[in-house]
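The structure under discussion appears below in the form of C-alpha coordinates.
Excluded from the calculations below are hydrogen atoms, water molecules and symmetry mates; all remaining heavy atoms, backbone and side chain alike, are included. Numbering of residues begins at 1 and proceeds along the displayed sequence. Note that the structure is predicted; figures quoted are calculated from it, not measured.
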Amino acid sequence: MIELDIDVKVPRLSKKQTNRANHPAKTTEEYYRVSVYIPLLDSVIEDLKLRFLSKENKLLLNLCLLVPRYIVDITSEDFKNIIEAATKLYNFNETELDDKLELQTELELWKTKWQGVKNEGQELCQDALLSIDNCNSIIFPNVHKLIYIIASLPISVASAERSFSTLRRLKTWLRSKMGQDQLTGLALLNIHRSIEINVDDVIDRFTSLKKRNIDFVL
(Lines give C-alpha, C1' and ligand atoms only; values in the text may rest on other atoms or scores of the structure.)
Protein backbone atom coordinates (compact mmCIF):
# COMPACT_ATOMS: atom_id res chain seq x y z
CA MET A 1 0.00 0.00 0.00
CA ILE A 2 2.90 2.34 0.72
CA GLU A 3 4.44 1.59 -2.70
CA LEU A 4 1.09 2.36 -4.37
CA ASP A 5 0.74 5.59 -2.37
CA ILE A 6 -2.33 4.37 -0.49
CA ASP A 7 -3.04 5.50 3.04
CA VAL A 8 -2.60 2.61 5.46
CA LYS A 9 -5.46 3.08 7.87
CA VAL A 10 -8.20 1.14 9.59
CA PRO A 11 -11.50 1.17 7.67
CA ARG A 12 -14.58 2.63 9.27
CA LEU A 13 -16.03 0.37 11.96
CA SER A 14 -19.74 -0.07 12.53
CA LYS A 15 -21.48 -0.75 15.81
CA LYS A 16 -22.97 -4.01 14.55
CA GLN A 17 -20.86 -6.43 12.46
CA THR A 18 -22.73 -7.86 9.45
CA ASN A 19 -20.87 -8.80 6.27
CA ARG A 20 -17.29 -7.64 6.80
CA ALA A 21 -14.42 -7.68 9.28
CA ASN A 22 -15.22 -5.35 12.14
CA HIS A 23 -12.43 -5.92 14.65
CA PRO A 24 -11.77 -3.09 17.10
CA ALA A 25 -8.02 -2.47 17.31
CA LYS A 26 -5.76 0.14 18.82
CA THR A 27 -3.35 0.22 15.86
CA THR A 28 -3.58 -0.35 12.11
CA GLU A 29 -1.13 -3.24 12.32
CA GLU A 30 -3.22 -4.97 14.96
CA TYR A 31 -6.38 -4.60 12.88
CA TYR A 32 -4.91 -6.19 9.74
CA ARG A 33 -3.24 -8.90 11.80
CA VAL A 34 -6.54 -9.97 13.34
CA SER A 35 -8.81 -9.45 10.32
CA VAL A 36 -6.56 -10.60 7.46
CA TYR A 37 -3.27 -12.25 8.44
CA ILE A 38 -4.44 -14.71 11.10
CA PRO A 39 -7.53 -15.90 9.12
CA LEU A 40 -5.30 -16.43 6.09
CA LEU A 41 -2.87 -18.55 8.11
CA ASP A 42 -5.74 -20.60 9.55
CA SER A 43 -7.08 -21.23 6.06
CA VAL A 44 -3.68 -22.34 4.75
CA ILE A 45 -3.06 -24.66 7.71
CA GLU A 46 -6.48 -26.29 7.40
CA ASP A 47 -5.99 -26.75 3.67
CA LEU A 48 -2.59 -28.40 4.22
CA LYS A 49 -4.06 -30.72 6.85
CA LEU A 50 -6.89 -31.68 4.53
CA ARG A 51 -4.55 -32.34 1.62
CA PHE A 52 -1.70 -34.20 3.32
CA LEU A 53 -2.86 -35.50 6.71
CA SER A 54 -6.24 -37.03 5.90
CA LYS A 55 -6.36 -40.84 5.71
CA GLU A 56 -7.85 -40.83 2.21
CA ASN A 57 -5.11 -38.65 0.75
CA LYS A 58 -2.36 -40.62 2.50
CA LEU A 59 -3.79 -43.72 0.86
CA LEU A 60 -3.61 -42.11 -2.57
CA LEU A 61 -0.13 -40.72 -1.99
CA ASN A 62 1.12 -44.25 -1.29
CA LEU A 63 -0.30 -45.40 -4.63
CA CYS A 64 1.54 -42.56 -6.39
CA LEU A 65 4.79 -44.37 -5.54
CA LEU A 66 3.98 -46.73 -8.44
CA VAL A 67 5.09 -44.04 -10.91
CA PRO A 68 8.53 -45.10 -12.27
CA ARG A 69 10.30 -41.92 -11.11
CA TYR A 70 9.45 -42.96 -7.52
CA ILE A 71 9.32 -46.76 -7.72
CA VAL A 72 13.09 -47.07 -8.33
CA ASP A 73 13.86 -45.63 -4.89
CA ILE A 74 11.14 -47.14 -2.69
CA THR A 75 12.02 -49.17 0.40
CA SER A 76 10.53 -52.31 1.93
CA GLU A 77 8.35 -50.09 4.12
CA ASP A 78 7.02 -48.39 0.99
CA PHE A 79 6.17 -51.83 -0.43
CA LYS A 80 4.04 -52.52 2.64
CA ASN A 81 2.32 -49.15 2.35
CA ILE A 82 1.48 -49.73 -1.32
CA ILE A 83 0.09 -53.22 -0.63
CA GLU A 84 -1.94 -51.91 2.30
CA ALA A 85 -3.29 -49.04 0.21
CA ALA A 86 -4.22 -51.36 -2.64
CA THR A 87 -5.96 -53.77 -0.26
CA LYS A 88 -8.03 -50.98 1.27
CA LEU A 89 -8.81 -49.58 -2.15
CA TYR A 90 -10.22 -52.90 -3.36
CA ASN A 91 -12.05 -53.57 -0.12
CA PHE A 92 -15.41 -53.13 -1.83
CA ASN A 93 -14.66 -55.79 -4.45
CA GLU A 94 -12.04 -58.28 -3.29
CA THR A 95 -12.26 -60.30 -6.51
CA GLU A 96 -10.61 -57.43 -8.42
CA LEU A 97 -7.35 -57.88 -6.54
CA ASP A 98 -5.40 -61.12 -6.37
CA ASP A 99 -3.57 -62.19 -3.21
CA LYS A 100 -0.97 -59.93 -1.63
CA LEU A 101 1.92 -62.21 -2.64
CA GLU A 102 1.10 -61.81 -6.32
CA LEU A 103 0.85 -58.05 -5.97
CA GLN A 104 4.18 -57.93 -4.14
CA THR A 105 5.77 -59.99 -6.92
CA GLU A 106 4.38 -57.58 -9.52
CA LEU A 107 5.77 -54.62 -7.59
CA GLU A 108 9.21 -56.20 -7.43
CA LEU A 109 9.16 -56.91 -11.18
CA TRP A 110 7.87 -53.38 -11.86
CA LYS A 111 10.67 -51.89 -9.75
CA THR A 112 13.33 -54.12 -11.35
CA LYS A 113 12.17 -53.12 -14.83
CA TRP A 114 12.55 -49.39 -14.20
CA GLN A 115 15.80 -49.79 -12.30
CA GLY A 116 17.17 -51.43 -15.45
CA VAL A 117 15.86 -48.55 -17.56
CA LYS A 118 17.54 -46.09 -15.20
CA ASN A 119 20.85 -47.99 -15.27
CA GLU A 120 20.81 -47.87 -19.07
CA GLY A 121 20.64 -44.09 -18.88
CA GLN A 122 17.15 -43.86 -20.34
CA GLU A 123 14.49 -41.44 -19.11
CA LEU A 124 11.95 -42.62 -16.55
CA CYS A 125 8.23 -41.93 -16.82
CA GLN A 126 7.45 -38.83 -14.82
CA ASP A 127 3.68 -39.15 -14.37
CA ALA A 128 0.87 -41.68 -14.28
CA LEU A 129 -0.32 -41.06 -17.86
CA LEU A 130 3.04 -42.03 -19.35
CA SER A 131 3.24 -44.97 -16.96
CA ILE A 132 0.03 -46.43 -18.39
CA ASP A 133 1.52 -46.52 -21.88
CA ASN A 134 4.56 -48.39 -20.57
CA CYS A 135 2.73 -50.85 -18.32
CA ASN A 136 1.81 -54.19 -19.89
CA SER A 137 -1.62 -55.18 -18.58
CA ILE A 138 -0.82 -58.88 -19.09
CA ILE A 139 2.44 -58.90 -17.14
CA PHE A 140 1.36 -56.32 -14.56
CA PRO A 141 -2.45 -56.64 -14.28
CA ASN A 142 -2.78 -55.26 -10.73
CA VAL A 143 -0.22 -52.51 -11.21
CA HIS A 144 -1.95 -51.50 -14.43
CA LYS A 145 -5.29 -51.13 -12.62
CA LEU A 146 -3.77 -49.11 -9.80
CA ILE A 147 -1.97 -46.74 -12.17
CA TYR A 148 -5.22 -46.20 -14.03
CA ILE A 149 -6.80 -45.17 -10.74
CA ILE A 150 -4.10 -42.65 -9.78
CA ALA A 151 -4.05 -41.29 -13.34
CA SER A 152 -7.66 -40.19 -12.92
CA LEU A 153 -6.97 -38.28 -9.72
CA PRO A 154 -6.14 -34.55 -9.64
CA ILE A 155 -3.65 -35.25 -6.88
CA SER A 156 -1.37 -37.00 -9.40
CA VAL A 157 -2.12 -35.39 -12.76
CA ALA A 158 -2.18 -31.68 -13.61
CA SER A 159 -2.73 -31.94 -17.37
CA ALA A 160 -6.13 -30.26 -17.14
CA GLU A 161 -4.66 -27.35 -15.16
CA ARG A 162 -1.91 -26.99 -17.76
CA SER A 163 -4.49 -26.55 -20.49
CA PHE A 164 -6.06 -23.60 -18.68
CA SER A 165 -2.67 -21.96 -18.12
CA THR A 166 -1.80 -22.45 -21.77
CA LEU A 167 -5.12 -20.99 -22.91
CA ARG A 168 -4.46 -17.84 -20.87
CA ARG A 169 -1.20 -17.32 -22.73
CA LEU A 170 -2.54 -18.10 -26.19
CA LYS A 171 -5.95 -16.44 -26.24
CA THR A 172 -4.75 -12.84 -26.06
CA TRP A 173 -6.37 -9.67 -27.39
CA LEU A 174 -4.26 -9.92 -30.54
CA ARG A 175 -5.59 -13.44 -31.17
CA SER A 176 -9.21 -12.85 -30.21
CA LYS A 177 -10.45 -13.89 -33.68
CA MET A 178 -8.52 -17.16 -33.72
CA GLY A 179 -10.60 -20.17 -34.75
CA GLN A 180 -11.19 -23.17 -32.52
CA ASP A 181 -9.12 -25.58 -34.61
CA GLN A 182 -6.10 -23.30 -34.72
CA LEU A 183 -6.36 -22.56 -30.98
CA THR A 184 -6.51 -26.28 -30.21
CA GLY A 185 -3.47 -26.95 -32.38
CA LEU A 186 -1.39 -24.21 -30.74
CA ALA A 187 -2.45 -25.36 -27.27
CA LEU A 188 -1.40 -28.95 -27.98
CA LEU A 189 1.93 -27.78 -29.33
CA ASN A 190 2.54 -25.78 -26.18
CA ILE A 191 1.40 -28.43 -23.70
CA HIS A 192 3.26 -31.31 -25.36
CA ARG A 193 6.37 -29.34 -26.26
CA SER A 194 8.55 -32.22 -25.03
CA ILE A 195 7.51 -34.22 -28.12
CA GLU A 196 10.00 -33.72 -30.92
CA ILE A 197 8.45 -32.71 -34.25
CA ASN A 198 10.22 -33.19 -37.54
CA VAL A 199 9.87 -29.86 -39.33
CA ASP A 200 10.61 -31.40 -42.73
CA ASP A 201 7.72 -33.84 -42.34
CA VAL A 202 5.35 -30.98 -41.50
CA ILE A 203 6.48 -29.00 -44.54
CA ASP A 204 6.10 -32.04 -46.80
CA ARG A 205 2.61 -32.66 -45.46
CA PHE A 206 1.41 -29.15 -46.25
CA THR A 207 3.15 -28.92 -49.63
CA SER A 208 1.59 -32.21 -50.73
CA LEU A 209 -1.89 -30.71 -50.29
CA LYS A 210 -1.11 -27.97 -52.85
CA LYS A 211 -3.29 -25.42 -51.09
CA ARG A 212 -2.05 -21.96 -50.29
CA ASN A 213 -4.81 -21.10 -47.80
CA ILE A 214 -5.03 -23.92 -45.27
CA ASP A 215 -5.62 -24.11 -41.52
CA PHE A 216 -2.56 -25.05 -39.51
CA VAL A 217 -3.91 -27.69 -37.10
CA LEU A 218 -2.58 -30.92 -35.68
Separation between [atom1] of [X] and [atom2] of [Y], rounded to the nearest 0.5 Å:
X      : Y      : atom1 : atom2 : result
Leu109 : Asn136 : CG    : CG    : 12.0 Å
Cys64  : Asp127 : SG    : CG    : 11.0 Å
Leu107 : Leu146 : CG    : CG    : 8.0 Å
Asp42  : Asp47  : CG    : CG    : 12.5 Å
Asn81  : Ser76  : CG    : OG    : 9.5 Å
Lys145 : Ile150 : NZ    : CD1   : 15.5 Å

(request) Please answer whether the main-chain N or O of Leu186 pairs with a side-chain N or O of Asn190 as donor and acceptor at a distance below 3.5 Å. (result) no

(message) Closer than 3.5 angstrom, by distance alone: can the side chain of Thr112 be matched with the main-chain N or O of Glu108 as a donor-acceptor pair?
(response) yes

(message) Are more than 12 heavy atoms, taken from residues, nucleotides or ligands other than Glu29, located less than 6.0 Å from that residue's CD atom?
(response) no

(message) With a sphere of 6.0 Å drawn around CD of Glu123, does it hold more than 12 non-hydrogen atoms of other residues, nucleotides or ligands?
(response) no

Answer whether the closest heavy-atom distance between the side chains of [X] and [Y] falls below 4.5 Å.
X      : Y      : result
Asp73  : Lys118 : yes
Leu130 : Val67  : no
Ile45  : Lys49  : yes
Ile132 : His144 : yes
Leu189 : Ile197 : yes

Which atom names give the shortest non-hydrogen contact between [X] and [Y], and what distance separates them?
X      : Y      : answer
Ile82  : Asn62  : CG1-O, 3.5 Å
Gln126 : Arg69  : O-CD, 3.2 Å
Ile147 : Ala128 : CG2-O, 3.6 Å

(message) In this structure, would Trp110 and Ile139 fall into the same cluster of hydrophobic residues linked by side-chain contacts under 4.5 Å?
(response) yes

(message) I'd like to know if Val34 and Tyr31 are part of one continuous hydrophobic network [Ile/Leu/Val/Met/Phe/Trp/Tyr, side-chain heavy atoms within less than 4.5 Å].
(response) no

(message) Run the side chain to side chain contact (heavy atoms under 4.5 Å, CB included) test on Phe140 and Leu66 for me, step by step, so that the C-alpha distance in whole Å, both residues' side-chain angles and the decisive distance to 0.1 Å come before the verdict.
(response) CA-CA 12 Å; Phe140 308 103; Leu66 292 171; over 6 Å; no

(request) Could you pull out all residues at least two apart from Asp78 that satisfy salt bridge (charged side-chain N to carboxylate O under 4.0 Å, His left out)? (result) none

(message) Pair Gln180, Thr184 - check side chain to side chain contact (heavy atoms under 4.5 Å, CB included), show working.
(response) CA-CA 6 Å; Gln180 184 64 38; Thr184 302; 3.5 Å; yes

(request) Please test Arg33 against Ile38 for side chain to side chain contact (heavy atoms under 4.5 Å, CB included), starting from the C-alpha separation and ending with a verdict. (result) CA-CA 6 Å; Arg33 182 189 297 114; Ile38 294 178; 4.1 Å; yes

(request) Would you please test Val143 and Cys135 for side chain to side chain contact (heavy atoms under 4.5 Å, CB included) and show each step? (result) CA-CA 8 Å; Val143 174; Cys135 181; 4.2 Å; yes

